[in-house]
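Letters go in sequence order (proteins before strands), and every chain restarts at 1.
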Amino acid sequence: MSSSTDSPTLTTETTQLSPQPDTETAKPTKKITLKSSDNQIFEVEESVAMEFATVKSFFEDSPSSTDIVPLPNVTAKPLSQVIEFCKEQIKFKANPDEAQKKKYNAEFLTEKSDKDLVDMIPVANYLEIKDLLDVLNQAVADRIENKSVEYVRNFFGIDNDFTAEEEAALRREHAWAYEGVDED
Amino acid sequence: MTEVNRRKRCKIANEDIFGRLPDEVLHCILSLLPTKYAACTSVLSRRWRDEHRWTSALTNLDLDDTVMLYGKNKPRRDGKLRTPAECKAMFKKFVDRCFKLRRSVPHPMQKFRLRLSGSYHSSRVNEWIVSAVRARVEEMIILAEDTEIRVFSCETLVVFKVSCHQIYFHVYPSTVSFPRLKILHLDCLSSVDDNACIEKVLSASPVLEELKIEMEECEPRESLNVSSRSLKRLTIHFQPAYDYLDDDDLLAYRILTLDTPSLELLKLADSASEELNILHKTFSLVEATVSLGHPPVLTKNFNDYAETLVGFFRMISDVRILALSDLTMESLKDVHELDLPCFAKFPTFWYLTRLEVEAGVDKWLTLLHILEHCASLEALIFKKEYNQDSTDPQRRGPHGNAVLSHCLSSCLEMIEFKNFEGQLAEIEIVEYFLRNSRVLKKMTVRYEREIDNSKEDVIRRLLTCPKGSAYAYHIQFLP
């Protein structure tokens with residue numbers, strides 16, 4: 001199950017590492033090289049990198065820089081997924097089609113595991129990609145709505161550090177809130 | 001000892017994800033959740049409890065008692081199910097608590113959504129509304145049943161939507177003011193005092209842009225005057241009350257008046273009003289969807305209603321996009337067939353480029369007559385109403401109709417026929433357009449059910465029909 005969801009991501013990753021010449025625009029586009037915290041190199045088109053407000057301001061501060069942009073807080077896997085998302089969004093910027101964009105975003109989200117989603121949030125936040133952050137926040141909210149406390153703990157990887165008595169007392173305090181949620 | 005270990009583990013786990021997430025992001029996720037799920041997060045861990053994270057999400061209050069009243073009802077610890085009264089008491093306590101905790105949140109309330117399946121004492125509901133108003137709420141959505149809502153003033157409100165089976169609106173006299181209100185939706189109101197209240201709210205909303213009023217049981221006596229300088233989008237849905245026929249006071253009839261000079265979009269479905277007045281010829285009007293029919297009992301005679309109907313179209317004749325329902329076509333057909341003098345005053349639509357008509361083939365001649373009044377029509381969408389027996393000779397399609405509309409020879413480029421079933425009258429309508437449209441570029445025939453006659457025969461017949469257009473075009477058959 002997990003291997004089948006992982007494989008398409010891997011193929012897109014390779015296309016990002018060795019990008020094809022863009023058939024739509026004849027002129028060669030400038031490439032920007034990003035380095036993840038686990039030392040993976042990503043070569044992306046300038047237009048994609050400019051979607052990342054953090055990277056954009058890096059170049060605004062030093063416009064002539066040809067250096068590799070280090071991203072110390074970002075690991076390779078979520079970064080590759082974020083790049084995949086931004087590449088699509090740029091196409092929609094050129095050709096606005098709200099229905100297609102919605103469809104793409106929905107597909108992008110449903111094929112991601114809970115962990116993938118949660119891992120992308122700090123990346124989108126660090127790189128300041130507002131559109132993606134909005135989409136991810138909504139997706140996470142959708143996935144934890146109506147779910148038990150235990151489910152949400154697992155979802156975010158939170159350890160329960162309450163004693164049984166403390167937890168029971170808290171649940172009494174918000175009794176209404178626990179009505180109708182899925183069983184633990 | 002174990003406690004310390006636990007905290008350590010928790011710290012590591014939290015560092016994994018939440019260590020990197022700033023409060024704004026968490027706040028955003030929590031505020032996207034209905035408030036009850038946000039509240040659940042205080043049991044996640046000590047950190048979540050102690051920092052009262054979820055209360056920051058109280059800028060967006062989304063409360064719904066449906067789940068607990070009608071959803072899975074968890075038994076209490078003693079195994080008994082909670083009674084609805086107990087559920088409601090719990091809900092009330094929770095809502096009160098949310099508002100109490102909210103007082104410490106400095107930000108204005110962005111959204112207050114309250115959905116009530118059970119009935120609550122009006123004073124309680126109004127108390128919550130007043131609390132939201134005090135919290136400088138911007139968007140308020142109330143879905144309730146049998147609640148008396150007092151209309152209030154609110155400096156900050158931008159969006160206000162109320163929907164319910166029955167709601168009693170009362171306005172505090174002279175204190176109503178909505179200086180920022182842009183969108184107002186009022187659904188399923190039925191009460192004798194509504195219209196005065198709606199008019200009062202309108203007069204207190206100087207920047208209102210969107211108004212939607214749906215009423216299912218319109219009293220014949222009540223009239224409504226929609227008056228707003230700023231209004232751009234108006235949706236009205238009026239249906240007559242069921243006990244209309246029993247009404248003994250037949251001298252009263254309903255009047256709808258629109259005093260909306262800036263209107264751009266009008267969706268009007270009214271089968272309760274006997275008189276329609278539009279005070280300004282709306283030059284700004286771009287799009288109109290019209291479904292008009294007279295109420296079941298007419299106080300005046302039909303001629304007067306016909307005058308009203310034709311007069312209405314005269315006032316919207318600058319529209320660019322127009323959609324007419326089967327009911328509208330039925331009304332126009334009656335006027336057309338009776339050959340009432342007012343029908344001669346039916347206006348020319350000089351700027352209309354797209355016309356959508358939903359009608360049975362029996363209204364075909366009336367449609368042709370309307371087409372004569374469309375000077376610049378480019379696209380015609382004809383959606384056949386189902387359940388019409390078009391084999392009845394009275395309901396046949398065109399037969400040697402002599403008058404050819406100007407738009408057929410000069411500008412009509414696209415025709416779409418929806419719900420095609422292959423009946424003779426429909427085939428003849430399509431053939432009529434194929435033969436007589438001089439500049440047609442595209443004809444689309446859509447069938448949703450199976451075509452009655454042999455599909456291949458129908459298609460062959462249409463493909464071999466002589467074409468009037470100078471352009472090469474193709475006929476599309478789409479399911």
Side-chain angles (χ1 to χ4, degrees), chain A residues 37 72-75 78 114-115 117-126 128 130 133-163 166-184, chain B residues 3 5-22 24-49 54 63-74 76-77 82 87 89-95 97:
Chain A
S37 62
N73 296 324
V74 177
T75 54
D114 291 349
K115 188 173 183 310
L117 276 191
V118 174
D119 284 349
M120 267 190 284
I121 291 181
V123 178
N125 186 55
Y126 171 72
E128 293 177 46
K130 198 186 167 301
L133 198 56
D134 288 348
V135 167
L136 290 173
N137 285 344
Q138 184 64 57
V140 168
D142 291 346
R143 285 196 191 189
I144 61 174
E145 183 175 332
N146 208 20
K147 293 296 193 287
S148 70
V149 170
E150 204 46 53
Y151 184 96
V152 178
R153 279 190 192 123
N154 281 332
F155 189 95
F156 288 118
I158 300 168
D159 260 5
N160 179 12
D161 54 357
F162 285 120
T163 62
E166 282 174 323
E167 186 166 340
L170 267 174
R171 282 176 184 254
R172 273 197 299 278
E173 197 182 333
H174 295 304
W176 174 76
Y178 298 99
E179 283 299 314
V181 300
D182 287 355
E183 295 296 324
D184 281 350
Chain B
E3 189 75 347
N5 276 342
R6 253 193 192 166
R7 284 197 186 171
K8 219 178 208 171
R9 267 193 299 144
C10 176
K11 211 176 165 196
I12 293 162
N14 278 347
E15 261 171 8
D16 228 11
I17 299 149
F18 289 113
R20 285 177 289 158
L21 282 186
E24 299 99 80
V25 175
L26 281 178
H27 160 74
C28 178
I29 294 174
L30 288 178
S31 60
L32 288 168
L33 285 169
T35 306
K36 73 179 243 140
Y37 305 113
C40 286
T41 61
S42 56
V43 188
L44 288 175
S45 72
R46 284 173 188 278
R47 192 172 153 212
W48 282 70
R49 179 195 62 183
W54 76 277
L63 300 159
D64 186 341
D65 73 345
T66 315
V67 184
M68 72 178 315
L69 280 176
Y70 297 109
K72 290 175 286 181
N73 194 332
K74 256 195 220 172
R76 288 184 311 199
R77 295 205 186 276
R82 286 197 180 86
C87 292
M90 270 165 70
F91 179 74
K92 281 191 276 195
K93 211 170 136 194
F94 181 80
V95 179
R97 195 177 148 72

- chain A contacts, top residue of B:Pro34, B:Ala89, B:Ala38 (heavy-atom pairs, under 4.5 Å): B:Pro34
- Note on the structure: For B:Leu44 and A:Val149, the nearest pair of non-hydrogen atoms, with its separation, is CD2-O, 3.7 Å
- If every non-hydrogen atom of B:Leu32 is compared with every non-hydrogen atom of A:Gln138, which pair is closest and at what distance? CD2-OE1, 3.2 Å
- Item | Contacts of type side-chain hydrogen bond (donor to acceptor under 3.5 Å, both in side chains), residue A:Asp134, not counting sequence neighbours | A:Lys130
- Could you tell me which portion of A:Leu136 (side chain, backbone, both or neither) has an atom closer than 4.5 angstrom to a non-hydrogen atom of chain B? neither
- Closest heavy-atom pair and its distance - A:Glu167, B:Val43: CG-CG1, 3.4 Å
- Message: So which atom in B:Ile29 and which in A:Ala141 form the shortest heavy-atom distance, rounded to 0.1 Å?
- Response: O-CB, 4.0 Å
- Message: Would you compute the distance between atom CZ of B:Arg46 and atom OG1 of A:Thr163 and round it to the nearest 0.5 angstrom?
- Response: 6.5 Å
